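To keep things clear, I will list the structure first and then write my remarks on it.
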Amino acid sequence: MNDGPVNTPPSSDDDLPEQLRIRREKRAELLAKGKDPYPVEVPRTDTLAGIRAAFPDLEPDTQTGRRVRVVGRVMFVRNTGKLCFATLREGDGTELQAMLSLANVGAESLAEWKALVDLGDHVLVDGEVITSRRGELSVMADSWSMVAKAVRPLPVAHRELSEETRVRQRYVDLIMRPEARDMVRARSAVLRTLREQLGARDYIEVETPMLQLLHGGATARPFVTHANALDTDLYLRIAPELFLKRTVVGGIERVFELNRVFRNEGIDSTHSPEFAMLEAYQAYATYDDMAVLTRELIQESARAVFGSTVVRHADGSEHDLGGEWRSVTLHESVANAVQAEVTPDTGAEELRKIAATHEVALKDSWTAGEIVLELFEKLVEHTLIEPTFVRDYPVEVRPLTRQHRDDPRLAEAWDLIVFGHELGTAYSELVDPVEQRSRLHAQSVLAAKGDPEAMQLDEDFLRAMEYGMPPTGGMGMGVDRLLMTLTGLGIRDTILFPLVRAEG
RNA sequence: GGGCCUCUAGCUCAAUCGGCAGAGCAGCGGACUUUUAAUCCGCGGGUUCGGGGUUCGAUCCCCCGGGGGCCCA
């Protein structure tokens, strides 16, 4: 709760804007007439969708004899003298017309309908399924009652909702915009698909700590909180990786977690401070195996949303994510972009010259590997539109990845880039506890020097690894990013209630 | 963190050069028994994001602060 004006009751209804005051008066009038504006139970017999399905194509001016009681939110009203029309809508967006005639409901009930029902109200209509003379499938009311009075008016239905209202008042966005409702369903379909597909491959879903004594598994700035009972600071996890690896050590050979991680960093159209992450680990697998898994998970997610690997973006464009995806090494991709030879043998000095000619700013402390990664991020990443696995990163930028079997300066790691953004990553995991200790020690030195993103030395994680971790492939993928890839929308459209600043 | 744009009625937006703050939808009153964003007649509705300044006079110009968007870091 905050103390914003939303939570502060006005001193009297007189202070309210006219339309809110009038609706409150209508609520009071219902109560005065002994009619509950918010009844506890609603004797619905049929959904609007059910009625539409049962009577798909009636002739105009048909009486079915079918008596129903339906509920819905009033989206449009067309009140005439003795015959009123209203468009009712239920949760999935299905609409059905209600008709109220003087002859059927009587003068008093019709007058109350006109006086007390506003756009946005939920109403119950008891009547017969008919079609109007114009052929509109309708319920011709014998009676009606209020189901839930809306005391705040809905936005105009025929204008775009402002960006701010869409995000701050998602409930309004969901009422007004089918695309907002579609996203909720698309996200659910993707989450269900990921779980089903992993389950079908004998992966076990686990839940590991979100509150952690040490943060690790990624390079990112964490949120800090405090546990009173332990009188100690805790971190909200930036990744589940180190606990999932402990799980693999324990013999759970195929394991995944699909839940929220938290990073105390920038907020923009591609970054949210809390986001949903999938991580999966498979013993006796490599980063090549994880590439196949990742591609299949994404392609199945596309099928779950679109019925096909062809995804449709909000701008109307279509993109086929089907088939095999191309791979390129990090150094090849940079060499191609800068039109010069760039290999693991290229020295830092040479790379600095290349960076200068392409106006890429570098830090003095960076190694050759770090410079190549910067060149990739600045010059290449946004150009990779079709799904591309970018492979074999410098070992110093992947502290949890094993050295490449063919070149110890490289790590067996790939990033998956789609539409110019990183969608997922995978490693052949580092499982040598001695090597892992030395890598984390280097990270902890960086942390001691003040790098807030460096990893901490997690002795318990190293102890687990000392018991022997099998060779393992691991992958991670941002679920919000996956939804963005599938829909072409920004991250705040994929998250139902994204973080927003407190209202002023 | 920096730059640019923006904030006006319930909602979406206007307002000329600094001169009585308007429209559509929504609302209220009236007419209308087949409407589809119903239509027709009439009427209300404003802390112009907040604070300060300049001015006879500020939605408009200046300063500080807040919210939102876009671009950059």
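Lettering follows sequence order; numbering is per chain, from 1. These figures come from a predicted structure and were not determined experimentally.
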Aromatic ring pairing A:Phe419/A:His319, orientation class (parallel under 30°, perpendicular over 60°, tilted between): perpendicular

Separation of B:rU34 P from A:Leu100 CG (nearest whole Å): 15 Å

Pairs where residues 51-60 of chain A contributes a residue and the test side-chain hydrogen bond (donor to acceptor under 3.5 Å, both in side chains) is met, not counting sequence neighbours: none

Output one line per pair: protein atom, nucleotide atom from nucleotides 28-33 of chain B, and distance, for all N/O pairs under 3.5 Å.
unit_1	atom_1	unit_2	atom_2	d
B:rC28	OP1	A:Lys26	NZ	2.4
B:rC32	N3	A:Gly81	N	3.3
B:rU33	OP1	A:Lys82	NZ	3.1
B:rU33	OP2	A:Lys82	N	3.2

Partner nucleotide, any strand, of B:rG24 [Watson-Crick/G-U, under 3.5 Å]: B:rC11

Cationic N near anionic O, under 4.0 Å, A:Lys26 to A:Glu29: no

Out of B:rA37, B:rU34, B:rG67, whichever nucleotide has its closest atom nearest the side chain of A:His158: B:rA37

Crowding at CZ, A:Arg409 (>12 non-hydrogen neighbours, <6.0 Å): yes

Complement of B:rU16, any strand, by Watson-Crick or G-U distances under 3.5 angstrom: none

Whole-Å C1' distance, B:rG53 and B:rC13: 30 Å

Assigned partner base of B:rG65, Watson-Crick or wobble definition, under 3.5 Å: B:rC49

Separation between the P atoms of B:rC43 and B:rC61, rounded to whole Å: 34 Å

Gap between atoms CG and C1', on A:Leu20 and B:rC11 respectively (whole Å): 12 Å

B:rU34 phosphate, OP1 or OP2, under 4.0 Å from A:Arg78 side-chain N/O: no

B:rA38 versus B:rG19 - spacing of their C1' atoms, nearest Å: 41 Å

Rounded C1' spacing from B:rC32 to B:rA15 in Å: 36 Å

With sequence neighbours excluded, residues passing side-chain hydrogen bond (donor to acceptor under 3.5 Å, both in side chains) with A:Glu374: A:Lys378

P spacing across the pair B:rU16 / B:rG22, given as an integer number of angstrom: 13 Å

Atom-pair distance (NE2 on A:His382; P on B:rC72), nearest Å: 10 Å

Nearest listed nucleotide, side chain of A:Val156, among B:rU36, B:rA38, B:rC25: B:rC25

Sugar-phosphate only, base, or nothing, as touched by A:Glu136 at under 4.0 Å among non-hydrogen atoms: base

Spacing between A:Met75 atom CE and B:rU36 atom C1', to the nearest angstrom: 14 Å

Interface with RNA chain B, restricted to residues 353-377 of chain A and to heavy atoms under 4.0 Å: none

Ion pair A:Asp92/A:Arg185, N-O distance below 4.0 Å: no

Check: B:rG68 base within 3.5 Å donor-acceptor of A:Glu164 side chain: no

Exceeds 12 heavy-atom contacts within 6.0 angstrom, atom CD of A:Glu341: no

A:Thr165, nearest nucleotide to its side chain (from B:rG10, B:rG68, B:rU12): B:rU12

Residue matched to B:rA58 through Watson-Crick or wobble contacts both under 3.5 angstrom: none

Close approaches to RNA chain B from residues 142-155 of chain A, in residue order (heavy atom, under 4.0 Å): A:Pro153, A:Pro155

A:Pro17 side-chain proximity, nearest of B:rA38, B:rG68, B:rG10: B:rG10

Any A:Ser162 side-chain nitrogen or oxygen under 4.0 Å from OP1 or OP2 of B:rU12: yes

Whole-Å gap separating P (B:rC11) and CG (A:Asp173): 15 Å

Residue whose nearest RNA chain B nucleotide is more 5′ - A:Val167 or A:Leu161: A:Leu161

Touch class at under 4.0 angstrom, heavy-atom based, for A:Glu160 against every strand present: sugar-phosphate

Protein-nucleotides 3-8 of chain B N/O pairs under 3.5 Å:
none

B:rU59 and B:rC70, which share atom name P, separated by this distance in whole Å: 30 Å

Residues A:Asp480, A:Arg187: salt bridge by 4.0 Å N-O rule: yes

Lys/Arg-Asp/Glu bridge criterion (N-O < 4.0 Å) met for A:Lys363, A:Glu370: no

Side chain to side chain contact (heavy atoms under 4.5 Å, CB included), paired with A:Phe55, selected from A:Thr64, A:Thr131, A:Thr62: A:Thr64

Toward the 5' end of RNA chain B, by each residue's nearest nucleotide, A:Ser132 or A:Gln19: A:Gln19

Atom C1', compared across B:rC25 and B:rU47: separation rounded to whole Å: 24 Å

N-O pairing of A:Asp118 and A:Lys149 below 4.0 Å: yes

B:rA58 versus B:rG50 - spacing of their P atoms, nearest Å: 15 Å

CA sep, side-chain torsions, deciding dist, call: A:Glu108, A:Lys33, salt bridge (charged side-chain N to carboxylate O under 4.0 Å, His left out): CA-CA 12 Å; A:Glu108 186 182 356; A:Lys33 290 176 182 295; 5.2 Å; no

Nucleotide opposite B:rG1 in a Watson-Crick or G-U pair, distances under 3.5 Å: B:rC72

